[in-house]
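When reading the values below, keep in mind they use all heavy atoms of this one structure, side chains included, and skip hydrogens, waters and symmetry mates. Ligands are counted one by one from 1 in listed order, and the atoms in each one are counted from 1 as well.
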Amino acid sequence: MTLSYDPLDEAFLANPYPTYALLRDQDPVHHHAATDEVPELWALSRFADIWESVRTPGDFSSAQGLTFYPDEIGQLGLPPNLVMLDPPVQTRLRALIGRGFTPKRVEQLEGTIREFVRRQLLSIGERAGEGERVDLHQEFSSTIPTFMLAELFGVAEEDRLRFGPWVHALTAIQNDGFRIGQLDGKGAVAELLTYFTEQIASRRQSPSDDLLGSLVAAELDGERLSDWDILGFCFVVVAGGSDTTASLISHGIALLSERPDQRELLVKDPTLISNALIEFLRLESSVQGLCRTTTRDVTLHDTTIPAGQKVMMLYGSANRDPREFGDSADVLDVRRTIPRHLAFSSGPHFCIGSHLARLQAKIAFEELLALHPHVSVDTAAGERHRSPFVRGWVSLPAGNFSTPDGPAAG
Ligand code: HEM
């Protein structure tokens, strides 16, 4: 197979892994000349190179955006946020946000998320029992983060029907590879911006102890977050925290469908689930790649990337690099020891919501496998979204959706 890397090629997006292997072996600092669709860019594919680069923000900046399209955020009218700032400004902002978005706040969500997951499974199970074909991505995986976000932001009951479609519209933009001009999600983004602006204003008037209230009150050495800082954070959480988590759950279900022996291990010993989640993320990383921009000429493996170039950090490739994970890097092993991985990046932009993502997925698999130990999905009938940046499902019909007493209708 000869090496050809086109980040928008349909066959590549359907299965990027053979191309990643060629890039790692033959051209670890790959140059992609500009085409009509894709501007000039570079691609790093080996674990060690990406690990070092994302931990060196002085050379690889986030401030020019995370896709290879120019000014993607500006086009949407979104406020600048954490993920697109460099240290030391980002470090300070992140510390202030950490005053409001605490581990305790995440832990407090466990009970409500579990209750929600049980309710969802009950209702899907009833419908499957009546012979309906259920879609486990749409009706299970993707409902959990939307619910979690509504809880996290304290969205009032009467606003929840509007909130879901806003989340959906924002994630649809990135799921379509950020080809913003072709999408009609801008209206929804503007509505979400207005909604959050009003909510922040109301917390400024009357303090509350929900996340927005805590962000409004957060203080570090006398400094506080501006409305714009909080808005930026809200957007990165909605855009970066919902579909990524839904994809983790759906990828896990799909991977286990192909390997009933591995599913069996988790059913027999649910304490393995936390480790399995990292293995799912490693094999099918929700975030496949994001860009940085070189601030100076950088030389890697005798190749010099000039200053000012977009460099795609292929996390999805790094996480399958045999140099880091051995010869079985492409094989699912829920018991694998994984000392480090790049599914949540590393360094200054390491995912701030990784605990919350893992908590939701852990609850999802604990409840799903307890109720439906033979669960499987029909991946051939499913549909993936098409983006070089994120990998996940749009639809994933259930195959076998069975109870502990025996198979029920799928
Ligand atoms: C499985 C689910 C998730 C995955 C795979 C994921 C992945 C990532 C990755 C790769 C980054 C680094 C971006 C970069 O390289 O520039 C990141 C950053 C971030 N994530 Fe997540 N994420 C997930 C869930 C969440 C959740 C649930 C939240 C919030 C509740 C969240 C909030 C954030 C924020 C705020 C940042 C920016 C941090 C910074 O720039 O300092 N993520 N995430």
Side-chain angles (χ1 to χ4, degrees), residues 44 50-51 53-57 60-67 73 80-98 100-103 105-106 109 113 141-142 144-153 167 171 174 211 215 229-252 277-293 310-316 318-319 341-365 389-392:
L44 299 187
I50 299 177
W51 181 268
S53 304
V54 292
R55 294 165 69 88
T56 317
F60 294 93
S61 161
S62 294
Q64 311 304 316
L66 304 178
T67 75
I73 296 292
N81 61 58
L82 206 53
V83 80
M84 285 179 56
L85 291 169
D86 290 327
V89 176
Q90 181 260 1
T91 320
R92 182 118 193 112
L93 182 58
R94 189 166 161 132
L96 253 169
I97 283 170
F101 186 56
T102 56
R105 186 167 296 288
V106 171
L109 289 170
I113 296 175
S141 313
S142 72
I144 301 169
T146 306
F147 171 81
M148 174 281 290
L149 287 173
E151 287 292 307
L152 189 66
F153 287 117
V167 173
T171 50
Q174 61 187 15
L211 174 64
L215 291 173
D229 292 335
I230 300 176
L231 268 176
F233 178 67
C234 293
F235 267 91
V236 75
V237 165
V238 173
S242 51
D243 212 55
T244 46
T245 309
S247 300
L248 160 59
I249 300 169
S250 288
H251 284 316
L277 301 176
I278 305 299
E279 177 71 346
F280 300 155
L281 276 169
R282 187 189 70 75
L283 268 182
E284 289 274 46
S285 302
S286 309
V287 180
Q288 287 284 304
L290 290 173
C291 287
R292 299 290 190 263
T293 304
K310 286 270 175 136
V311 184
M312 187 79 163
M313 303 290 169
L314 292 172
Y315 296 135
N319 283 332
H341 64 90
L342 277 162
F344 292 122
S345 189
S346 183
H349 293 285
F350 177 80
C351 177
I352 218 172
S354 66
H355 282 86
L356 188 47
R358 283 183 287 131
L359 177 69
Q360 293 171 79
K362 180 169 162 288
I363 296 171
F365 279 96
F389 310 108
V390 286
R391 182 166 171 84

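- Side-chain atoms of R94 come within 3.5 Å of backbone atoms of P348 as a donor-acceptor pair (strictly under, hydrogens ignored).
- The protein heavy-atom contact nearest to atom 28 (C) of ligand 1 is G353 CA, 3.5 Å.
- Remark: ligand 1 atoms within the under-4.0 Å shell around heavy atoms of L290 are 13 (C), 14 (C), 15 (O), 16 (O).
- Of the protein's non-hydrogen atoms, the one nearest atom 15 (O) of ligand 1 is Y315 OH, 2.5 Å.
- Distance check: N81 CG to F233 CZ gives 10.0 Å after rounding to the nearest 0.5 Å.
- Checked against a 3.5 angstrom limit, the closest N/O atoms of H349 and ligand 1 fall inside it.
- Against a heavy-atom cut-off of under 4.0 Å, A357 is close to the following atoms of ligand 1: 1 (C), 2 (C), 24 (C).
- Taking OG of S285 as the reference point, atom CZ of F280 lies at 13.0 Å (rounded to 0.5 Å).
- Among A343, A239, G98, S242, the residue whose heavy atom lies closest to atom 5 (C) of ligand 1 is A343.
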Evaluate the side-chain contact (heavy atoms from CB on, under 4.5 Å) criterion for residues R292 and V54: first the C-alpha distance (whole Å), next the side-chain angles of each, then the deciding distance (0.1 Å), finally the verdict. CA-CA 8 Å; R292 299 290 190 263; V54 292; 4.0 Å; yes
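- Within the 4.5 Å cutoff, side-chain heavy atoms of V287 are placed close to those of T244.
- By the 4.0 Å heavy-atom criterion, G240 is counted among the residues contacting ligand 1.
- Contact detail for A361 and L248: the closest heavy-atom pair is CB-CD2, 3.6 Å.
- Counting all heavy atoms, side chain and backbone alike, L215 lies closest to F101 at CD2-N, 4.4 Å.
- Of the polar atoms of R292, at least one N or O is found under 3.5 Å from an N or O of ligand 1, judged by distance alone.
- Here the heavy atom of the protein found nearest to atom 20 (N) of ligand 1 is C351 SG, 3.2 Å.
- Here the closest non-hydrogen pair linking G100 and R105 is O-NE, 3.1 Å.
- For ligand 1, the atoms lying closer than 4.0 Å to a non-hydrogen atom of L356 are 30 (C).
- Taking CG from L109 and CG from L211, the interatomic distance works out to 9.5 Å, rounded to the nearest 0.5 Å.
- For ligand 1, the atoms lying closer than 4.0 Å to a non-hydrogen atom of P348 are 41 (O).
- Note that OG of S242 is 9.5 Å distant from CD of Q360, once rounded to the nearest 0.5 Å.
- Between R282 and L342 the shortest side-chain heavy-atom distance does not fall below 4.5 Å.
- By the 3.5 Å distance cut-off applied to N or O atoms, S354 is not counted among the residues near ligand 1.
- Counting heavy atoms closer than 4.0 Å to ligand 1, residue T244 contributes atoms from both its backbone and its side chain.
- At a 3.5 angstrom cut-off on N or O pairs, R94 counts as close to ligand 1.
- Atom-to-atom distance recorded for H341:NE2 and I278:CD1 is 4.0 Å, nearest 0.5 angstrom.
- In Q90, the part holding a heavy atom less than 4.0 Å from any atom of ligand 1 is the side chain.
- In terms of heavy atoms, N319 sits closest to A343 at ND2-N, 3.3 Å.
- In this structure, OG1 on T102 lies 11.5 Å from NE2 on H355, to the nearest 0.5 angstrom.
- Each of the following atoms of ligand 1 lies closer than 4.0 Å to a heavy atom of V236: 35 (C).
- With a 4.0 Å heavy-atom cut-off, ligand 1 is reached by the backbone of V83 and by its side chain too.
- Neither the backbone nor the side chain of S247 comes within contact range of ligand 1; no heavy atom lies under 4.0 Å.
- Atom 36 (C) of ligand 1 has its closest protein heavy atom at I352 N, 4.2 Å.
- Of the polar atoms of S286, none of the N or O atoms is found under 3.5 Å from an N or O of ligand 1, judged by distance alone.
- Of the heavy atoms in L82, both backbone and side-chain atoms come closer than 4.0 Å to ligand 1.
- Atom 4 (C) of ligand 1 has F344 CE2, 3.5 Å as its closest protein atom, hydrogens excluded (heavy atom only).
- S285 does not count as a contact of ligand 1, since none of its heavy atoms falls under 4.0 Å from the ligand.
- Taking atom 26 (C) of ligand 1 as the reference point, the nearest protein heavy-atom neighbour is G241 CA, 3.4 Å.
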